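Written below as structure tokens is the structure these notes are about.
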Amino acid sequence: MSGRVSYARIYEVVKSIPEGRVATYGQVAALADIPGHARQVGYALNALPDDSGIPWQRVINARGEISRRMDPQYEWIQKTLLEEEGVEFDARGRVPLSEYRWQSGGDGGADLGDE
DNA sequence: GCAGTGACTAGTA
DNA sequence: ATACTAGCCACTG
């Protein structure tokens with residue numbers, strides 16, 4: 001593969017994000033078995049074609065807002081797509097991570113009850 | 001192999 | 001609360 005990081009693994013994690021939920025780059029990286037490589041996650045999504053079927057719009061930065069891309073128009077696209085899924089933005093145009101942050105695992109949330 | 005770049009994050013002022 | 005800095009590491013030329 002082109003790089004050491006398995007892009008497929010990143011895409012798998014992003015695809016597993018349930019609708020109406022969002023995850024941070026750092027969270028996706030950790031779930032992709034590459035903790036700390038949040039930047040690489042964004043890079044992988046950048047190489048992702050629009051028709052890949054990957055819900056890249058569900059990935060946002062740790063602040064809960066949409067990261068700036070080369071083309072600012074994508075900001076609006078991502079925001080619209082999330083709203084279509086039921087994600088609500090606050091007056092600041094940010095997503096309340098405490099409410100929409102995806103809890104990995106579906107593990108039944110054994111202990112993620114809290115935050 | 002070096003330099004520049006970037007859809008990040010955490011820390012500091 | 002915002003603004004700036006440094007660290008991070010993989011991809012491209």
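Just so it is clear, the structure is predicted and the values come from calculations on it, not from any experiment. Throughout, protein chains are lettered first and strands after them, A, B, ... in sequence-line order, and every chain is numbered starting at 1.
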> What closest approach, in Å, do R101(A) and R21(A) show between heavy atoms, and which atom pair accounts for it?
Replying inline: O-NH1, 3.5 Å
> From R94(A) CZ over to K79(A) NZ, what is the distance, rounded to the nearest 0.5 angstrom?
Replying inline: 14.0 Å
> In whole angstrom, what separates I34(A)'s CD1 from dC8(C)'s P?
Replying inline: 17 Å
>> Across nucleotides 7-13 of chain B, 5' to 3', mark each nucleotide with B, S or - according to how protein heavy atoms within less than 4.0 Å reach it.
In response: BBS----
> When you look at CD of E88(A), are more than 12 heavy atoms from neighbouring residues, nucleotides or ligands closer to it than 6.0 Å?
Replying inline: no
> Within this structure, what is the CG-to-C1' distance between D90(A) and dA1(C), rounded to whole angstrom?
Replying inline: 14 Å
> Mind checking whether Y7(A) and L48(A) have side chains closer than 4.5 Å, heavy atoms only?
Replying inline: no
> Is R69(A) positioned over the aromatic face of Y74(A), cation under 6.0 angstrom from the ring centre and no more than 45 degrees off axis?
Replying inline: yes
